[in-house]
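Report on one structure; see the data block that follows.
Because the structure is a prediction, the values reported are computed rather than measured.
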Amino acid sequence: MAVTFNHTIIASKDRDASARFFRELLEIPEAPSWGPFLNIQLADGVLLQFAEPPVDSIQMQHYAFLVDDELFDRAYQRLCEHDVEHWADPQMRRPGETNTEHGGRGVYFKDPSGHAIELITRPYL
């Protein structure tokens with residue numbers, strides 16, 4: 001069997017708000033959830049499981065999503081409509097912009113729990 005990525009748990013301050021943010025931004029339907037996890041499932045079957053850990057602060061993580069040009073346009077429009085601060089670069093030096101690196105487009109922003117999120121239209125490799 002080939003190795004494939006199956007799921008990850010994303011620590012959230014509010015798992016409902018985080019899952020809703022990703023579902024609406026990336027146009028992903030609800031998925032069955034259980035226990036402490038609120039799940040969304042990507043097209044390739046990967047589960048993103050949102051959970052509220054019993055800690056005072058959440059360590060920022062980076063999550064990058066490869067999307068097609070049409071979804072990028074719609075997601076970027078939603079970011080702008082909801083005044084979500086965003087940048088063209090991971091160092092956050094180019095606010096309010098997108099980039100055209102690696103032959104596609106990209107944008108960086110933070111989710112409701114403060115994780116660094118990246119949308120790209122072309123893979124790096």
Side-chain angles (χ1 to χ4, degrees):
M1 172 186 227
V3 176
T4 60
F5 187 73
N6 182 262
H7 71 277
T8 191
I9 298 170
I10 300 176
S12 304
K13 296 174 185 172
D14 178 336
R15 69 184 190 158
D16 295 303
S18 292
R20 183 174 47 255
F21 175 82
F22 281 94
R23 279 196 319 265
E24 291 174 0
L25 182 70
L26 301 175
E27 301 174 358
I28 300 171
E30 291 188 39
S33 296
W34 57 84
F37 306 112
L38 206 133
N39 302 323
I40 63 174
Q41 189 170 32
L42 304 180
D44 59 1
V46 171
L47 279 181
L48 302 182
Q49 299 184 287
F50 298 90
E52 298 169 9
V55 296
D56 293 331
S57 64
I58 293 174
Q59 176 68 39
M60 182 187 76
Q61 299 293 315
H62 175 81
Y63 300 98
F65 297 91
L66 178 64
V67 300
D68 64 29
D69 287 302
E70 293 79 19
L71 179 53
F72 185 93
D73 290 338
R74 293 190 304 272
Y76 185 69
Q77 182 178 352
R78 282 191 281 280
L79 290 173
C80 292
E81 287 172 355
H82 291 95
D83 296 321
V84 175
E85 191 172 16
H86 59 278
W87 304 269
D89 61 313
Q91 297 81 18
M92 298 183 276
R93 293 187 202 133
R94 295 174 48 200
E97 298 179 34
T98 63
N99 69 59
T100 56
E101 297 166 8
H102 303 282
R105 293 181 291 158
V107 66
Y108 297 82
F109 54 95
K110 292 189 178 179
D111 80 348
S113 294
H115 295 298
I117 309 301
E118 178 182 6
L119 297 182
I120 55 174
T121 62
R122 300 294 179 275
Y124 291 150
L125 301 177

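Under the salt bridge (Lys or Arg N to Asp or Glu O under 4.0 Å) criterion, Glu27 pairs with Arg74, Arg78, sequence neighbours left out. For Arg23, there are no salt bridge (Lys or Arg N to Asp or Glu O under 4.0 Å) partners two or more places apart in sequence or in a different chain.
Salt bridge annotation for Asp73-Arg105: present, with a cationic side-chain nitrogen under 4.0 angstrom from a carboxylate oxygen.
Using a 4.5 Å cut-off on side-chain heavy atoms (C-beta onward), Phe50 and Asp14 make no contact. Side chains of Asp68 and Thr121 form no contact here, defined as non-hydrogen atoms less than 4.5 Å apart. Val107 places none of its side-chain heavy atoms less than 4.5 Å from the side chain of Trp87. Side-chain contact between Val46 and Asn6: absent, with no pair of heavy atoms (C-beta onward) separated by less than 4.5 Å. Residues Leu26 and Leu119 are in side-chain contact: their nearest non-hydrogen atoms beyond the backbone lie under 4.5 Å apart.
Taking hydrophobic clusters as Ile, Leu, Val, Met, Phe, Trp and Tyr residues chained together by side-chain heavy-atom distances below 4.5 Å, Leu48 shares a cluster with Phe5. Follow the hydrophobic side-chain contacts under 4.5 Å out from Ile58 and you never reach Ile117; the two are in separate clusters. Hydrophobic cluster membership is shared by Val84 and Val67, with clusters built from Ile, Leu, Val, Met, Phe, Trp and Tyr side chains linked at under 4.5 angstrom. By the rule that hydrophobic residues join a cluster once side-chain heavy atoms approach within less than 4.5 Å of another member, Tyr63 and Leu79 end up as members of one cluster.
Using modelled atom types, no side-chain atom of Thr4 and backbone atom of Ala2 make a donor-acceptor pair closer than 3.5 Å. Side-chain atoms of Asp89 come within 3.5 Å of backbone atoms of Arg94 as a donor-acceptor pair (strictly under, hydrogens ignored).
Note that CZ of Arg122 and CD of Glu101 are 14.0 Å apart. Values are rounded to the nearest 0.5 Å. Atom CZ of residue Arg20 and atom CG of residue Leu25 lie 13.5 Å apart, to the nearest 0.5 angstrom. Here CZ of Phe22 is found 8.5 Å from CD1 of Ile28. Values are rounded to the nearest 0.5 Å. In this structure, OG in Ser33 is found 10.5 Å from CD in Gln41, a value given to the nearest 0.5 Å. Rounded to the nearest 0.5 angstrom, Thr100 OG1 and Glu97 CD are separated by 10.0 Å.
Within a 6.0 Å sphere centred on CD of Gln59, heavy atoms belonging to other residues, nucleotides or ligands number 12 at most.
The nearest pair of heavy atoms linking His86 to Phe109 is CB-CB, 4.0 Å. Here the shortest heavy-atom pairing between Ile40 and Ala31 reads CA-CB, 4.0 Å. Across Ala17 and Pro112, no two heavy atoms sit closer than the pair O-CG, 4.1 Å.
None of Ile120, Leu42, Leu71 except one satisfies the side chain to side chain contact (heavy atoms under 4.5 Å, CB included) rule with Phe65; the exception is Leu42.
Ring pair Trp34/Phe37 is perpendicular by interplanar angle, where above 60° counts as perpendicular and below 30° as parallel.
For the side-chain hydrogen bond (donor to acceptor under 3.5 Å, both in side chains) condition, the pairs that include at least one residue of residues 109-120, sequence neighbours left out, are Ser18-Ser113, His62-Glu118, Tyr108-Glu118, Glu118-Tyr124.
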